[in-house]
K.L.:
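Got a structure for you, questions after.
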Amino acid sequence: MAIISLTLSTPSTFNKTFLPLHTYQATQQGCQKSEPLLNSRINKNYRTQATVAMKESSASTPYDPSKSKIPHVLTIAGSDSGAGAGIQADLKACAARGVYCSTVITALTAQNTVGVQGVNIVPEDFVAEQLKSVISDMQVDVVKTGMLPSAGIVKVVCQSLKEFPVRAIVVDPVMVSTSGDVLAGPSILSVFREELLPMAEILTPNLKEASALLGAVQLQTVADMRSAAKLLHNMGPRNVLVKGGDLPDSMDAVDVFFNGEEFYELRSSRIKTRNSHGTGCTLASSIAAELAKGFPLLSAIKVAKRFVETALDYSKDVIIGNGPQGPLDHLLRLKSSYRQGAFNPNHLFLYAVTDSGMNKKWGRSITDAVKAAIEGGATIVQLREKDAETRDFMEAAKACVEICHSHGVPLLINDRIDVALACDADGVHVGQSDMPASVVRTLLGPEKIIGVSCKTPEQAQQAWIDGADYIGCGGVYPTNTKANNLTVGLEGLKTVCLASKLPVVAIGGIGVSNTHAVMEIGVPNLKGVAVVSALFDRECVLTETRKLHAVLKETAPMVK
């Protein structure tokens with residue numbers, strides 16, 4: 001048998017390179033042969049039943065085939081009151097992977113970062129009722145099972161999945177948590193082996209669970225994991241992934257995948273963190289999510305493993321609870337020290353737009369320029385670095401985000417949605433020839449700030465329809481920062497402002513000498529001025545920003 005070792009990319013490159021997460025097209029690196037179809041284990045009788053069930057469902061609820069199918073995972077598991085594992089981890093993992101997730105709860109647990117304090121098993125008939133309710137109606141693609149706390153519940157699940165078959169079943173045999181808590185006793189092992197495992201597309205035990213399934217076999221080496229994977233495969237699952245996160249004396253995080261013919265060792269750097277509660281649930285749910293999207297199994301495993309590594313790396317410094325094992329931050333959102341929240345139009349008051357050429361001319365770094373502008377009174381910053389290399393720009397943007405957020409100032413990225421996502425900026429500003437604001441909103445989500453450059457009332461109206469937060473109107477006066485940039489003048493600015501349902505910031509050739517004229521056009525939604533040369537094509541950014549801020553306060557004393 002061949003043994004193929006796969007080294008996965010580091011967590012730090014995952015989110016930066018493959019954005020958005022749900023559009024990542026996985027490849028089978030190192031896989032030398034095509035994988036069989038996922039549903040080859042489901043027999044023809046099951047497929048016939050599925051077709052009949054779908055026809056019966058469509059008879060009462062008309063189905064429009066023109067609507068795109070939403071990938072759907074059903075998780076059958078226990079509820080974790082601490083929200084680190086179980087149903088809660090499954091929901092968060094599927095949401096992060098861009099897949100719809102429905103739930104069937106098998107048990108209620110009282111648990112936190114210290115451990116499990118209590119388990120209350122849901123009655124079998126109600127588990128069956130939940131299953132039928134979801135799976136008979138909602139076109140489930142993949143089922144992922146987690147904690148199945150009794151033999152009766154295992155039987156209920158198996159019977160329901162025979163009645164309403166799906167494309168694939170991911171079985172995560174939650175019996176012993178990583179923290180050592182026993183969540184399912186030995187009484188269910190026989191029915192688990194005899195009825196559920198033969199239905200599984202993939203089985204994903206950790207070392208303790210694999211040992212329990214095999215009768216307390218000791219697993220201490222990668223060779224032991226390969227042997228265990230083969231023995232577990234003999235019990236009926238089409239594929240087995242033995243997770244080696246708890247493997248002693250291992251410098252790498254090694255998982256062993258066996259498809260019945262070949263072994264694959266998936267290796268990556270081990271991340272030192274207390275926040276590993278729910279990693280098994282998250283990995284299995286992520287695999288299920290990728291399968292629901294239609295990816296081949298090995299690709300799904302590798303994407304899921306990278307996602308878990310990314311979440312582990314991001315979450316390693318998060319402090320939730322006082323116990324030895326904290327939860328993951330699946331959506332990579334908890335650590336930010338500053339959150340913009342609802343967009344505040346007053347932030348447009350003094351809008352500083354950096355320029356790489358001007359910074360180079362005056363011997364300044366991007367971070368030096370941003371820091372000086374904020375100290376001088378800039379209320380929002382846009383990084384417009386046309387000449388910077390992407391890697392350098394991204395690293396500088398990260399540093400600028402920290403500077404801005406430490407002062408409570410939002411930071412936007414000009415044009416580059418990828419950089420904005422990678423550095424967790426507060427939003428982006430796009431032009432008429434860039435990606436439409438509606439698409440940007442889809443990529444960035446509802447809370448990020450989006451600005452659009454507009455010269456006409458029609459463009460301003462479209463920006464509002466597309467979900468922008470503000471518009472930048474100009475150039476008001478001629479400027480050297482953009483070649484062949486048509487000016488709108490003060491009358492054009494006023495016309496656009498009156499037509500716009502969004503707050504407006506004026507831009508183009510504006511400085512200390514003409515700011516009064518711009519701000520006195522008499523429209524309430526003109527909130528400020530955006531400047532480039534007036535700040536950054538000067539020897540002292542701090543001094544020039546202070547001057548302009550003082551002029552603005554004279555024209556708009558109520559705005560701070």
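All residue numbers in this chain count up from 1 along the given sequence. All heavy atoms count here, side chains included; hydrogens, waters and symmetry mates do not.
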K.L.:
Could you tell me whether the side chains of S211 and Q218 share a donor-acceptor contact shorter than 3.5 Å?
P.N.:
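Side-chain D/A pair, S211 to Q218: absent.
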
K.L.:
Classify the ring geometry between Y100 and H72 as parallel (under 30°), tilted (30 to 60°) or perpendicular (over 60°).
P.N.:
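Answer is perpendicular, since the angle exceeds 60°.
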
K.L.:
Can a donor-acceptor pair be found between the side chains of T113 and H277 at a distance below 3.5 Å?
P.N.:
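Absent: no donor and acceptor within the cut-off.
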
K.L.:
Going by heavy atoms in the side chains, are E124 and S150 under 4.5 Å from each other?
P.N.:
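Side chain of E124 against side chain of S150, heavy atoms only: contact under 4.5 Å found.
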
K.L.:
Considering non-hydrogen atoms only, spot the tightest contact between I413 and F393 and give its length.
P.N.:
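Nearest heavy atoms, I413 then F393: CG2-CZ, 4.0 Å.
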
K.L.:
So which atom in I403 and which in H407 form the shortest heavy-atom distance, rounded to 0.1 Å?
P.N.:
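That closest heavy-atom pairing would be O-ND1, 2.9 Å.
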
K.L.:
Determine the minimum heavy-atom distance between A422 and M394, stating which atoms define it.
P.N.:
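Reported closest heavy-atom pair: CB-SD, 3.5 Å.
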
K.L.:
Decide, yes or no, whether a salt bridge links R441 with D469 under the criterion of side-chain N to carboxylate O below 4.0 Å.
P.N.:
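Here R441 pairs with D469 in a salt bridge, since their nearest N and O are under 4.0 Å apart.
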
K.L.:
Between K293 and V99 (side chain of the first, backbone of the second, donor and acceptor by atom type, cut-off under 3.5 Å), is there such a pair?
P.N.:
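Answer holds: no.
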
K.L.:
What is the ring orientation for H233 with F258, classed by angle as parallel under 30°, tilted 30 to 60°, or perpendicular over 60°?
P.N.:
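Aromatic pair H233/F258 classed perpendicular.
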
K.L.:
Any side-chain to backbone donor/acceptor pair from S285 onto T282? Under 3.5 Å, distance only.
P.N.:
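A pair under 3.5 Å: no.
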
K.L.:
Output every pair passing salt bridge (charged side-chain N to carboxylate O under 4.0 Å, His left out) with a member in residues 78-96, not counting sequence neighbours, ordered by first then second residue.
P.N.:
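As it turns out, the salt bridge (charged side-chain N to carboxylate O under 4.0 Å, His left out) pairs with a partner in residues 78-96, which skip direct neighbours, are D90-K144.
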
K.L.:
Under the 3.5 angstrom rule, does the side chain of K243 hit a backbone N or O of T204 as a donor-acceptor pair?
P.N.:
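Here the side-chain-to-backbone pair exists.
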
K.L.:
Please answer whether the main-chain N or O of V114 pairs with a side-chain N or O of N112 as donor and acceptor at a distance below 3.5 Å.
P.N.:
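Flag set: sc N112 to bb V114 pair under 3.5 Å.
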
K.L.:
Kindly indicate whether the side chain of I153, heavy atoms from C-beta on, has any atom under 4.5 Å from the side chain of I121.
P.N.:
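Heavy-atom side-chain distance check passes, below 4.5 Å.
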
K.L.:
Are the side chains of L241 and L283 in contact, using a 4.5 Å heavy-atom criterion?
P.N.:
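The answer is yes; the side chains approach within 4.5 Å.
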
K.L.:
So, the side chain of R97 versus the backbone of E290: is there a donor-acceptor pair under 3.5 Å, distance only?
P.N.:
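Flag not set: sc R97 to bb E290 has no pair under 3.5 Å.
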
K.L.:
Find the distance between CG (L334) and OH (Y314) and round it off to the nearest 0.5 Å.
P.N.:
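One gets 7.0 Å once the value is rounded to the nearest 0.5 Å.
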
K.L.:
Heavy atoms, side chains only, cut-off 4.5 Å: are V440 and K448 in contact?
P.N.:
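A side-chain contact is absent here, since even the closest heavy-atom pair is not under 4.5 Å.
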
K.L.:
Do V166 and V142 touch side chain to side chain, with heavy atoms closer than 4.5 Å?
P.N.:
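When only atoms from C-beta onward are counted, V142 and V166 do not touch, as no gap falls below 4.5 Å.
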
K.L.:
Determine whether E402 and L411 make a side-chain contact, defined as any pair of heavy atoms from C-beta on separated by less than 4.5 Å.
P.N.:
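Not in contact.
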
K.L.:
What verdict does the side chain to side chain contact (heavy atoms under 4.5 Å, CB included) test give for I301 and I202, after you've listed the backbone C-alpha separation in whole Å, the side-chain angles of each residue and the deciding distance to 0.1 Å?
P.N.:
CA-CA 10 Å; I301 293 170; I202 182 170; 3.7 Å; yes

K.L.:
Which of these, V122, L74, I135, D125, sits in a side chain to side chain contact (heavy atoms under 4.5 Å, CB included) with Q130?
P.N.:
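Only one of V122, L74, I135, D125 forms a side chain to side chain contact (heavy atoms under 4.5 Å, CB included) with Q130, namely V122.
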
K.L.:
One pair to check against side chain to side chain contact (heavy atoms under 4.5 Å, CB included): R238 and L297. What are the steps and the verdict?
P.N.:
CA-CA 11 Å; R238 181 175 178 77; L297 181 56; over 6 Å; no

K.L.:
Starting from the C-alpha separation in whole Å, work towards a yes-or-no answer on side chain to side chain donor-acceptor pair (under 3.5 Å) for T390 and R416.
P.N.:
CA-CA 10 Å; T390 297; R416 297 290 300 273; 3.2 Å; yes

K.L.:
What distance separates L131 CG from F126 CZ, expressed to the nearest 0.5 Å?
P.N.:
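It comes to 11.0 Å.
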
K.L.:
Do V419 and K398 make a side-chain contact, defined as non-hydrogen atoms from C-beta onward lying under 4.5 Å apart?
P.N.:
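When only atoms from C-beta onward are counted, K398 and V419 do not touch, as no gap falls below 4.5 Å.
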
K.L.:
Measure the spacing between OG of S268 and NZ of K302 and express it to the nearest 0.5 Å.
P.N.:
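Going from OG on S268 over to NZ on K302, the span is 13.0 Å.
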
K.L.:
Consider side chain to side chain contact (heavy atoms under 4.5 Å, CB included). Of I76, V127, D172, V171, which one does L148 pass it with?
P.N.:
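Answer after filtering I76, V127, D172, V171: I76.
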
K.L.:
How many angstroms lie between atom SG of C400 and atom NE2 of H405, to the nearest 0.5 angstrom?
P.N.:
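Rounded to the nearest 0.5 Å, the SG-NE2 separation comes to 11.0 Å.
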
K.L.:
Is a donor from one side chain sitting under 3.5 angstrom from an acceptor on the other, for S227 and D224?
P.N.:
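There is no such pair (donor and acceptor under 3.5 Å, judged by atom type) between the side chains of S227 and D224.
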
K.L.:
Do T106 side-chain atoms and M147 backbone N/O form a donor-acceptor pair below 3.5 Å?
P.N.:
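Yes, because the side chain of T106 sits within donor-acceptor range (under 3.5 Å) of the backbone of M147.
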
K.L.:
Tell me, with the steps shown, if R167 and E201 meet salt bridge (charged side-chain N to carboxylate O under 4.0 Å, His left out).
P.N.:
CA-CA 9 Å; R167 288 215 318 260; E201 179 62 32; over 6 Å; no

K.L.:
Whether E265 and R226 form a salt bridge (side-chain N of Lys/Arg under 4.0 Å from carboxylate O of Asp/Glu) is what I want to check.
P.N.:
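Looking at E265 together with R226, the answer is yes, because their closest N to O distance falls below 4.0 Å.
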
K.L.:
I'd like to know if E309 and R306 make a salt bridge, using a cut-off of under 4.0 Å between side-chain N and carboxylate O.
P.N.:
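R306 and E309: not salt-bridged.
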
K.L.:
Kindly give the heavy-atom pair with the smallest separation between P410 and D426, and that separation in Å.
P.N.:
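Reported closest heavy-atom pair: CA-OD2, 3.4 Å.
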
K.L.:
Nearest 0.5 angstrom please: I87 CD1 to T75 OG1, how far?
P.N.:
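I87 CD1 to T75 OG1: 4.0 Å, rounded to 0.5 Å.
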
K.L.:
Please check if the side chain of R274 supplies one atom and the backbone of G323 the other of a donor-acceptor pair under 3.5 Å.
P.N.:
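Between the backbone of G323 and the side chain of R274 there is a qualifying donor-acceptor contact (under 3.5 Å).
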
K.L.:
What's the spacing between L108 CG and S79 OG if we round to 0.5 Å?
P.N.:
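It is 5.5 Å, given to the nearest 0.5 Å.
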
K.L.:
Give a yes or no answer on whether the side chain of T273 reaches the backbone of N275 with a donor-acceptor pair at less than 3.5 Å.
P.N.:
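Yes, the answer is positive, given that a donor and an acceptor are paired below the 3.5 Å cut-off.
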
K.L.:
Using a strict cut-off of less than 4.0 Å between a Lys/Arg side-chain nitrogen and an Asp/Glu carboxylate oxygen, indicate whether D329 and K316 qualify as a salt bridge.
P.N.:
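Salt bridge: no.
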
K.L.:
With side chain to side chain contact (heavy atoms under 4.5 Å, CB included) as the test, would you mind laying out the steps for V303 and F295 before giving the verdict?
P.N.:
CA-CA 10 Å; V303 173; F295 286 107; over 6 Å; no

K.L.:
Are the side chains of V242 and L207 in contact, using a 4.5 Å heavy-atom criterion?
P.N.:
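Heavy-atom side-chain distance check passes, below 4.5 Å.
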
K.L.:
L214: what forms a side-chain contact (heavy atoms from CB on, under 4.5 Å) with it, not counting sequence neighbours?
P.N.:
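Counting only residues at least two positions away or on another chain, L214 forms a side-chain contact (heavy atoms from CB on, under 4.5 Å) with V217, A228, L231, L232, M235.
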
K.L.:
Please report the shortest heavy-atom distance between F164 and K132, naming the atom on each side.
P.N.:
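Nearest heavy atoms, F164 then K132: CE1-CG, 4.4 Å.
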
K.L.:
For a side chain to side chain contact (heavy atoms under 4.5 Å, CB included) check, start with the C-alpha distance between I450 and D466, then their side-chain angles and the critical distance, and finish with the verdict.
P.N.:
CA-CA 10 Å; I450 298 175; D466 287 347; over 6 Å; no

K.L.:
Can you see which heavy atom on P327 is nearest to which on S315, and at what distance?
P.N.:
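Here P327 and S315 meet closest at O-CB, 4.4 Å.
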
K.L.:
Give a yes or no on whether the backbone of Q111 and the side-chain of S81 come within a donor-acceptor separation of less than 3.5 Å.
P.N.:
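Such a contact is found between S81 side chain and Q111 backbone.
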
K.L.:
Where the side chain of D252 meets the backbone of S269, is there a donor-acceptor pair that is under 3.5 Å apart?
P.N.:
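No, the answer is negative, given that no donor and acceptor are paired below the 3.5 Å cut-off.
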
